[in-house]
Amino acid sequence: MTATVHSLHDDGVGIVGGGLLGLAAGHTLAKRGIPVTVYEAGDRVGGLAGTTRIGGVEVDRYYHAVTLEDHRMLELAAELGLEEQIRWRPLGVGFFHEGRLASMSTPREVLAFPGLSLVDKVRLAAFVARCKLTRDHEPLDGEPVGPWVRRTAGERLWDQLFRPLLDSKFDGEYDDLPATYLWSRTRRTAGTRDKSGREVMGWIRGGHQVLADRMAEEIERLGGRVRTGTPVRHISSRDGRATGVITDDESIAHDVVVSTLLRPHAERTLGPDVVAQLPADPCRYMGIVCVVARVRRSVSPYYALNITDRRIPITSVVETTHVVDPDHVEGHLLYVPHYVTADSPELLAPAADITAAYLGHVAAMFPGFDPGRDVIASQVARARFAEPVHRHGRHTRVPDLFPAPGLAMASSAHVYPDIVHGQAILGVAERVADGVAARYGAATSHAPLQRSAA
């Protein structure tokens, strides 16, 4: 049956996507009294930060945590009454290196790390200190990561540590990566550790889904709308200006439309008159394939395992129940991600084959783990476009937040020079909300008024 499309006058701001970014932007705008409607295709808000069900138990769709330095996340949690729901845990920093497990959580463990000389370890400490002390990333933007690391940390550290880490994260394609990426990641990691060198991470009881649900509730309490189960098929436009959204059965006018989709997805919703105005996309995109498994017992002694032994062709093994309460998920929770190029055959391979291969790699690193015996239930999550890659060189690296009249395009591509995490996403939400608020008055002849909750 073909849905009947009819026009509704709505005005205000329409936000496409009910993930963390869309909800945070909508929450900020609603607090300022600007009418806002959030459209989420799924039956529940949260997007990639939300939950899924595995074996009848609700778990995080992907792995998420907060750190002591994530002030935006912590302030938002406190504002929403969730401050007391955060569980903090000290964690070790794990590596699978030269066929065995190793750690760099304490100075003693750094000194005992295999395959690196004392000179290498001194150079590693100096490299981390240099990244922490360097505030200005612009000189690093134009420099390829490989030559920069070789010059600043040495050939052995590049070959033994950094090159295999980049290989695992970028599926072997990192030559176009700026030095800024490793600078930012090193600063992020160093900032999450306590004085002993151990990482301290937190989990909101119930996961980021609870944060998303609370934001949705607040948006509606402030007079906004959150429409789940409502995919936006098209962003309507006239003479190059975004004018609203079209769902399966409605055409809804908005003064400003905010798309939180990554560029390859967002372009499919835009008319040719708007697409023609978009500058070339400065990013390429990595996909992800991730096996999520509920298991009967702890498999890894680490929250996240860095894999520098490239005989194991996955990105990491993340056991979130070092932070997440195991009782909450009725077992232990294991994520086995592999970031892949957007044309990787793994994005189309049968789920059973992916599960067998990935859990087989886990068993190779942890011989006591038997997938047939230890796995309660599992599923495979995939996305062809999951994370932006910003290229080195002298060019615009971050897409324009407002590329066409009446339109904002905000996504994880805008976190640069940061790496993608919740804290950085909330920073993008603040920026887009500020920009929308500034443009909103010019887009409408009526003053922004808070809607009645009724």
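The two residues A77 and I86 come nearest to each other via the heavy atoms CB-CD1, 4.1 Å. Among all heavy-atom pairs drawn from V226 and I219, the shortest one is CG2-CG2, 3.9 Å. Closest approach of H332 and P326 over heavy atoms only: CE1-CG, 4.1 Å. Annotation for L116 and Q160: closest pair CD2-CB, 3.8 Å, computed over non-hydrogen atoms. In this structure, M201 and A65 approach most closely via the heavy-atom pair CE-CB, 3.5 Å. Taking all atoms of both residues into account, the shortest heavy-atom contact from I235 to A242 is CG2-CB, 4.1 Å.
Atom CD1 of I15 sits about 8.0 Å away from atom CG of L23, to the nearest 0.5 Å. Once rounded to the nearest 0.5 Å, the distance linking CG of L140 with CG of L182 reads 10.0 Å. Taken from CG in L334 to OG in S378, the straight-line distance is 10.5 Å, to the nearest 0.5 Å. Rounding to the nearest 0.5 angstrom, the gap separating the CG atom in L20 from the CD atom in Q209 is 11.0 Å. Separation of atoms CZ (R185) and SG (C131) is listed at 12.0 Å; rounding is to 0.5 Å. To the nearest 0.5 Å, atoms CD (Q423) and CD (E69) are separated by 9.0 Å.
When the ring-ring contact (aromatic ring centres under 6.0 Å, His included) test is applied to Y181, the partners found at least two apart in sequence or on another chain are F170. With sequence neighbours left out, the ring-ring contact (aromatic ring centres under 6.0 Å, His included) criterion links Y339 to no other residue.
A salt bridge between D434 and R32 is present, with a side-chain N of the basic residue lying under 4.0 Å from a carboxylate O of the acidic one. We find that R187 and D418 are not joined by a salt bridge, their nearest charged nitrogen and carboxylate oxygen being 4.0 Å or further apart. Taking a cutoff of 4.0 Å between a charged side-chain nitrogen and a carboxylate oxygen, R44 and D213 qualify as a salt bridge. Between R263 and E267 there is a salt bridge, since at least one side-chain N of the basic residue sits less than 4.0 Å from a carboxylate O of the acidic one.
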Quiz item: When you look at D309 and F95, which way does the side chain to side chain contact (heavy atoms under 4.5 Å, CB included) test go after all the steps?
Solution: CA-CA 9 Å; D309 187 330; F95 288 80; over 6 Å; no

Practice problem: Just do the salt bridge (charged side-chain N to carboxylate O under 4.0 Å, His left out) check on D70 and R188 with the steps written out, would you? | Solution: CA-CA 10 Å; D70 290 346; R188 167 78 176 171; 2.6 Å; yes

Exercise. Would you please test H137 and Y416 for side chain to side chain contact (heavy atoms under 4.5 Å, CB included) and show each step?
Key: CA-CA 10 Å; H137 65 87; Y416 189 89; 4.3 Å; yes

Quiz prompt | Derivation and outcome, ring pair (Phe, Tyr, Trp, His ring centres under 6.0 Å), residues H254 and Y39 | solution = CA-CA 12 Å; H254 287 292; Y39 299 90; 5.7 Å; yes

Quiz item: Which is it for Y63 and L333 under the side chain to side chain contact (heavy atoms under 4.5 Å, CB included) test, yes or no, and what are the steps along the way?
Solution: CA-CA 9 Å; Y63 47 96; L333 204 53; over 6 Å; no

Exercise. Tell me, with the steps shown, if F96 and H361 meet side chain to side chain contact (heavy atoms under 4.5 Å, CB included).
Key: CA-CA 12 Å; F96 187 73; H361 297 317; over 6 Å; no

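Donor-acceptor pairing under 3.5 Å is lacking for the side chains of E173 and T341. In this model, a donor atom of one side chain and an acceptor atom of the other lie less than 3.5 Å apart for T308 and H97.
With contacts defined as side-chain heavy-atom distances shorter than 4.5 Å, the pair L270/L278 qualifies. In this structure the side chain of T269 reaches within 4.5 angstrom of the side chain of L261, judged on heavy atoms.
Applying the side-chain contact (heavy atoms from CB on, under 4.5 Å) test between Y62 and each of T320, I288, V318 identifies I288 as the sole match. Between Y303 and the options L91, V324, V317, T321, a side-chain contact (heavy atoms from CB on, under 4.5 Å) holds for only L91.
In this structure, the ring of H392 has its center no less than 6.0 angstrom from the ring center of W148.
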What donor-acceptor contacts under 3.5 angstrom involve side-chain atoms of residues 403-410, with partners at least two apart or in another chain?
none

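Atom CZ of R130 sits in a sparse spot, with 12 or fewer heavy atoms from other residues, nucleotides or ligands closer than 6.0 Å.
Aromatic ring orientation, F385 versus Y285: perpendicular (interplanar angle above 60°, classes split at 30° and 60°).
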